[in-house]
Amino acid sequence: MVKLEVLSSRQKVLLGISLVLYAISLTQVGFSYVYQEQVQSIEGWLLVFMGGMSIAGGGLLEWVIWLANPLYIFSIIFALKNDKNALSTIGIAFLLALDFLFWKEVLAAESGTMGPITSRGVGYFLWLSSIFIWAATLYMQNWKRIVAKLS
């Protein structure tokens with residue numbers, strides 16, 4: 001079983017950077033898409049707060065991507081409690097966040113209308129970076145133990 005080490009001061013700094021990037025991402029455009037021949041842009045804070053409800057409007061896949069947010073937070077809580085589940089939760093969060101990079105369209109309306117994604121904004125890349133930094137911090141911190149377990 002992989003057991004997490006206590007966070008060093010450098011890792012705490014990296015966690016702080018990750019959290020700051022996450023907070024800044026909330027103030028920026030996450031992505032833009034076309035709906036009824038108009039480009040719609042959505043800011044990060046709206047994606048975080050409304051994303052959890054997207055499943056109610058038929059956005060199952062959008063909701064699955066949104067799950068990267070609570071998984072990111074849970075991984076921080078797990079790491080601070082020295083719980084090995086931090087590694088799996090941040091790994092899944094990063095893969096979900098990265099997956100959105102490959103999407104071509106999103107649910108644009110509750111009617112099921114899909115809208116093509118025209119761009120991913122600074123908010124998306126800050127969000128992705130914040131999750132990546134935290135994931136890299138946890139995995140680098142525990143790399144020797146992970147390799148030993150796999151051997």
Side-chain angles (χ1 to χ4, degrees), residues 2-35 39-110 114-147:
V2 176
K3 184 164 174 62
L4 291 177
E5 297 174 359
V6 178
L7 295 179
S8 69
S9 59
R10 179 176 46 162
Q11 292 155 343
K12 289 176 185 173
V13 168
L14 289 169
L15 173 57
I17 291 169
S18 174
L19 288 169
V20 167
L21 289 175
Y22 187 89
I24 294 170
S25 78
L26 299 178
T27 68
Q28 304 298 311
V29 170
F31 67 93
S32 299
Y33 65 97
V34 176
Y35 176 63
V39 175
Q40 308 287 323
S41 296
I42 304 179
E43 291 183 355
W45 68 269
L46 188 58
L47 291 167
V48 168
F49 293 113
M50 299 299 287
M53 294 186 288
S54 63
I55 195 168
L60 176 63
L61 294 176
E62 288 79 2
W63 178 76
V64 170
I65 297 297
W66 172 84
L67 285 175
N69 293 299
L71 289 172
Y72 169 72
I73 299 303
F74 285 136
S75 74
I76 293 169
I77 293 167
F78 289 147
L80 295 175
K81 290 183 174 186
N82 205 25
D83 185 332
K84 66 179 174 66
N85 289 317
L87 293 169
S88 56
T89 54
I90 195 60
I92 294 167
F94 178 68
L95 291 175
L96 289 174
L98 184 63
D99 183 62
F100 186 71
L101 188 61
F102 302 100
W103 283 33
K104 303 286 187 230
E105 59 186 8
V106 294
L107 185 66
E110 290 182 21
M114 300 298 286
I117 297 171
T118 58
S119 66
R120 281 150 191 86
V122 171
Y124 169 73
F125 291 104
L126 289 171
W127 178 66
L128 183 62
S129 296
S130 72
I131 295 172
F132 173 77
I133 288 169
W134 182 235
T137 300
L138 288 179
Y139 280 94
M140 286 172 47
Q141 170 191 10
N142 293 282
W143 186 249
K144 289 180 186 174
R145 286 190 167 107
I146 293 167
V147 170

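Residue indices begin at 1 and follow the sequence shown.
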Engineer: Mind checking the OG1-CZ spacing from T137 to R10? Nearest 0.5 Å is all I need.
Structural biologist: 9.0 Å
Engineer: What are the two closest heavy atoms between S25 and G123, and how far apart are they?
Structural biologist: CB-O, 3.3 Å
Engineer: Could you report the tightest heavy-atom contact between N85 and D83, atom names first, then the distance?
Structural biologist: N-OD1, 2.8 Å
Engineer: Could you pull out all residues at least two apart from T118 that satisfy side-chain hydrogen bond (donor to acceptor under 3.5 Å, both in side chains)?
Structural biologist: none
Engineer: Indicate the atoms forming the closest heavy-atom contact of L98 with L128, along with that distance.
Structural biologist: N-CD1, 3.7 Å
Engineer: Taking the side chain as every heavy atom from C-beta outward, state whether I90 and Y139 have any pair of such atoms under 4.5 Å apart.
Structural biologist: yes
Engineer: Quick one: side-chain hydrogen bond (donor to acceptor under 3.5 Å, both in side chains) partners of S119, sequence neighbours excluded?
Structural biologist: none
Engineer: Only counting residues at least two apart or in another chain, list the ones meeting ring pair (Phe, Tyr, Trp, His ring centres under 6.0 Å) with W45.
Structural biologist: none
Engineer: May I ask you to test the K81-I77 pair for a side-chain heavy-atom distance under 4.5 Å?
Structural biologist: yes
Engineer: Check whether any side-chain heavy atom of K104 lies under 4.5 Å from a side-chain heavy atom of I117, and answer yes or no.
Structural biologist: no
Engineer: Between G115 and Y33, what is the shortest heavy-atom contact and its length?
Structural biologist: O-CB, 4.1 Å
Engineer: Determine which pairs satisfy ring-ring contact (aromatic ring centres under 6.0 Å, His included) with at least one residue from residues 81-100, sequence neighbours left out, and list them in order.
Structural biologist: F31-F100, F94-F132, F100-W103, F100-Y124
Engineer: Taking the side chain as everything from C-beta on, heavy atoms only, tell me whether M114 gets closer than 4.5 Å to L107.
Structural biologist: yes
Engineer: In the structure I gave you, are the side-chain heavy atoms of R120 and L101 within less than 4.5 Å of one another anywhere?
Structural biologist: yes
Engineer: How many angstroms lie between CD in E43 and OG1 in T27, if you round to the nearest 0.5 Å?
Structural biologist: 7.5 Å
Engineer: Calculate, to the nearest 0.5 Å, the distance between atoms CG and CD1 belonging to L87 and I92 respectively.
Structural biologist: 11.0 Å
Engineer: Identify the heavy atoms of I133 and L14 that sit nearest to each other, and give their distance.
Structural biologist: CG2-O, 3.7 Å
Engineer: Taking the side chain as everything from C-beta on, heavy atoms only, tell me whether V122 gets closer than 4.5 Å to V29.
Structural biologist: no
Engineer: May I have the list of side-chain donor-acceptor pairs in residues 15-23 shorter than 3.5 Å, sequence neighbours left out?
Structural biologist:
unit_1	atom_1	unit_2	atom_2	d
S18	OG	Y72	OH	2.6
S18	OG	S130	O	2.6
Y22	OH	N69	OD1	2.7

Engineer: Among all residues two or more places apart in sequence or in another chain, which pass the side-chain hydrogen bond (donor to acceptor under 3.5 Å, both in side chains) test with T89?
Structural biologist: none
Engineer: Work out which heavy atom in A79 is nearest to a heavy atom in A86; give both atom names and the distance.
Structural biologist: N-CB, 3.6 Å
Engineer: When you compare the side chain of W134 with that of S75, does any pair of heavy atoms fall below 4.5 Å?
Structural biologist: yes
Engineer: Once you round to the nearest 0.5 Å, how far does CD of Q28 lie from CD1 of I42?
Structural biologist: 15.0 Å
